[in-house]
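Remarks on the structure that follows.
In this chain, numbering begins with 1 at the start of the sequence shown.
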Amino acid sequence: MESDATTSEPEASVGSDSSPAERTVLATLRDSVAAPARGLMSPVRSVVASPRPVKGKAARRRLQLPPVTQAETGDEEPVPAVPEDQEEAQPLPPIYASPMRGMWRSEKVALYCDQVLQGSKAEDAEEAMSRYLLEKLKAKDRWLGVWKSNPELFFEKYEEASIPFVGILVEVTCKPRQNLSSCFKVTVSVAEPFSSNIANIPRDLVDEVLGELDYSAPLLEVYPVDGQDADVRDIALALEVVRFFYDFLWRDWDDEENCENYTALIEERINLWCDIQDGTIPGPIAQRFKKTLEKYKNKRVELIEYQSNIKEDPSAAEAVECWKKYYEIVMLCGLLKMWEDLRLRVHGPFFPRILRRRKGKRDFGKTITHIVAKVMTTDMVKNLSSDTLLQQHDDLNLALDSCYSGDIVVIFPGEYQASNLALLTDDITIKGVGKREEIMITSEPSHDSFVVSKADNVKLMQLSLIQQGTVDGIVVVESGHLTLENCLLKCEGTGVCVLTGASLTITNSEITGAQGAGVELYPGSIAILEGNEIHHCNNLRTSDSSKSTLGGVNMKVLPAPKLKMTNNHIYNNNGYGVSILQPSEQFFIVAEAALNKGAASGDKKDDKMLSKVMQTLNVEMNNNRIEANLKGDIRIVTG
């Protein structure tokens with residue numbers, strides 16, 4: 001993705017806050033960062049950023065008033081007046097809409113892997129992108145575009161949220177290029193009519209800034225204006241292709257490592273991006289990936305700045321600090337690489353969450369019933385036998401921490417939190433007393449997990465589990481068996497996840513609100529669902545739900561999971577009621593063809609063929625109501 005190193009050609013200086021893509025592809029970038037800083041950090045490249053152009057004093061004085069965007073000119077508050085001798089900026093014309101987000105994943109893979117990179121190695125990727133862009137630029141040497149420049153070039157003070165860029169309508173001239181890397185610089189001049197997204201920007205200031213830049217601008221900061229001929233439209237597409245590559249597919253470490261098949265790695269990153277966009281990776285998990293990537297980039301910048309501030313030979317303390325920062329970057333880099341490995345990125349977690357060992361049974365062989373309530377009364381225990389061993393807790397977390405295999409946790413009405421629910425290693429029963437809506441257990445937003453089990457037999461009964469901010473499944477069965485009976489699961493991230501080799505039984509429960517499938521079955525897992533309601537899942541907040549297939553129940557095959565469904569009501573999900581994800585078109589290809597023949601999504605399927613597929617998958621379905629799901633009822637999907 002973006003590179004934190006910045007460089008520039010002699011004819012134009014670009015600050016360290018230039019666009020992410022431009023900071024990656026500026027000319028001679030690879031050469032400028034190849035040498036380690038002071039010989040201290042050979043594993044990490046260092047770069048000294050070129051200084052930002054110094055603006056004239058007159059220009060600086062003129063823009064002490066706050067900038068006003070074109071969108072704000074209709075407000076009641078007075079707009080700072082443009083001097084009489086200055087030309088008022090007109091609104092910017094529309095630019096070509098980016099086609100990248102509308103492309104199917106297969107189209108993106110074909111574009112980058114087959115057309116642009118064409119088998120290139122990582123160290124040759126920049127040259128391949130330059131060659132691709134240069135070929136498009138040959139068709140037209142002059143066109144109109146919007147230069148989205150850094151506001152710091154124009155304003156002393158500004159709010160980044162309200163002024164993300166200063167847009168200027170410019171005429172672009174593509175000069176003959178001596179080498180591939182130079183095609184990322186173009187000559188620009190103010191076009192007529194003078195237009196900007198800043199209503200009160202003086203034209204002479206724009207001319208002054210362009211003069212300081214030698215009328216040269218980074219090509220990737222210029223966006224062609226809509227309505228020009230087909231050649232310019234092709235240039236606009238090529239620019240978007242290059243921007244997308246450096247913003248989403250390129251990683252800083254790519255050309256530092258040996259990769260036998262770089263295009264295969266790019267394909268995995270395209271799949272990752274598409275999975276985030278269509279909700280296959282739910283919103284909270286995607287957010288965690290983005291935060292990790294952002295942290296990696298920030299830490300890299302910190303290291304580069306720290307190295308550049310070492311004036312003399314580094315002291316021992318400075319050397320230690322450099323190595324500390326370097327190893328933090330290495331750890332974050334390794335974490336990001338796990339995301340790109342589809343085998344490790346099954347549902348969000350990178351590793352087993354539970355590292356605690358099982359306690360087993362107590363030495364004296366007795367089990368204890370733990371009462372969880374603020375105050376215990378005799379009515380609470382009147383139905384228990386006289387020889388029951390009791391412990392009372394006002395904190396659910398303490399009760400779970402005190403449990404051994406065979407113990408029972410009885411929870412009375414109230415609202416609770418317990419991080420130990422993510423550490424279930426012993427065979428215990430957790431049950432509520434009263435209506436399940438009155439026993440509310442909420443997750444802790446700062447934690448990744450909510451309920452995670454790897455015990456042989458855990459039971460949760462008559463509870464409401466309310467997910468708040470955690471990114472893993474609301475319930476994750478890593479191994480062993482988990483039973484949910486008469487529970488209400490209000491999801492905010494993923495639904496119930498049953499990992500390979502684990503098993504799950506859900507009866508008379510309700511699952512709603514998941515940003516993925518309500519129940520996610522992984523290869524080789526086992527699930528029995530009976531008498532449940534699963535609805536309003538695939539409740540995506542930021543992704544395009546029309547592209548996602550997940551809904552009520554999702555199965556991932558090879559090896560096929562086992563599923564038995566009886567008397568369930570699966571409805572109002574934004575994907576399919578039940579989706580079966582096959583890894584390739586060759587798997588159940590006959591069944592897929594039969595399901596597709598003469599029918600759109602959700603239309604009536606060939607029941608006989610579907611029945612054969614269910615038998616092959618070891619799926620048993622009886623008396624279920626699957627209805628009103630956005631994409632359809634049951635579907636076999638190629639992953």
For the residue pair [X] and [Y], what are the closest heavy atoms and their distance?
X: V172; Y: G145; answer: CG2-N, 4.5 Å
X: P218; Y: K185; answer: CG-NZ, 4.2 Å
X: G473; Y: C497; answer: CA-SG, 4.2 Å
X: Y522; Y: E520; answer: CE1-CG, 3.2 Å
X: D426; Y: G360; answer: OD1-N, 2.8 Å
X: V186; Y: C174; answer: CG1-SG, 4.2 Å

Indicate yes or no for a side-chain donor-acceptor contact from [X] to the backbone of [Y] under 3.5 Å, with no hydrogens or angles considered.
X: S443; Y: Q468; value: yes
X: S308; Y: E305; value: yes
X: S149; Y: V166; value: yes
X: S196; Y: G167; value: yes
X: R357; Y: T425; value: no
X: N197; Y: F165; value: yes

I'd like to know whether NZ of K324 has more than 12 heavy-atom contacts from other residues, nucleotides or ligands below 6.0 angstrom.
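No, NZ of K324 has 12 or fewer neighbouring heavy atoms, counting only those of other groups under 6.0 Å.
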Would you say Y404 has more than 12 foreign heavy atoms packed within less than 6.0 Å of its OH?
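No, because the 6.0 Å sphere around OH of Y404 holds 12 heavy atoms or fewer from other groups.
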Begin from the C-alpha positions of E321 and I310 and carry the test side-chain contact (heavy atoms from CB on, under 4.5 Å) through to its verdict.
CA-CA 11 Å; E321 186 64 24; I310 300 176; over 6 Å; no
Taking C-beta and beyond as the side chain, do [X] and [Y] meet within less than 4.5 Å on heavy atoms?
X: S449; Y: V476; answer: no
X: F248; Y: M100; answer: no
X: K325; Y: E328; answer: no
X: Y112; Y: V241; answer: yes
X: L239; Y: Y96; answer: no
X: Y416; Y: N397; answer: no
X: L137; Y: L219; answer: yes
X: V451; Y: I474; answer: no

Quick one: pull up [atom1] in [X] and [atom2] in [Y] and give me the separation to the nearest 0.5 Å.
X: L117; Y: L249; atom1: CG; atom2: CG; value: 8.5 Å
X: M331; Y: T292; atom1: CE; atom2: OG1; value: 12.0 Å
X: N150; Y: F155; atom1: CG; atom2: CZ; value: 11.0 Å
X: I198; Y: L205; atom1: CD1; atom2: CG; value: 11.0 Å
X: N298; Y: L293; atom1: CG; atom2: CG; value: 9.5 Å
X: L92; Y: I168; atom1: CG; atom2: CD1; value: 7.5 Å

Tell me, with the steps shown, if C403 and N420 meet side-chain contact (heavy atoms from CB on, under 4.5 Å).
CA-CA 11 Å; C403 283; N420 280 327; over 6 Å; no
Looking at R131 and E127, is there a salt bridge between them, counting it only when a charged N and a carboxylate O are closer than 4.0 Å?
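The answer is yes: the pair qualifies as a salt bridge.
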Qualifying residue for salt bridge (charged side-chain N to carboxylate O under 4.0 Å, His left out) with D254, from K337, R269, K121:
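Answer after filtering K337, R269, K121: R269.
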Is there a side-chain contact (heavy atoms from CB on, under 4.5 Å) between E318 and Y306? Walk through the geometry before answering.
CA-CA 9 Å; E318 288 172 331; Y306 187 83; 3.6 Å; yes
Start with the C-alpha distance between E240 and S98, add both sets of side-chain angles, then the distance that settles side-chain hydrogen bond (donor to acceptor under 3.5 Å, both in side chains), and finish with yes or no.
CA-CA 6 Å; E240 286 302 312; S98 172; 3.1 Å; yes
From CA spacing to verdict: side-chain contact (heavy atoms from CB on, under 4.5 Å), Y296, W253:
CA-CA 11 Å; Y296 165 83; W253 59 79; 3.4 Å; yes
When you measure from the centre of the six-membered ring of Y223, is the NZ or CZ of R243 under 6.0 Å away and within 45° of the axis?
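Verdict for Y223: a cation-pi partner in R243.
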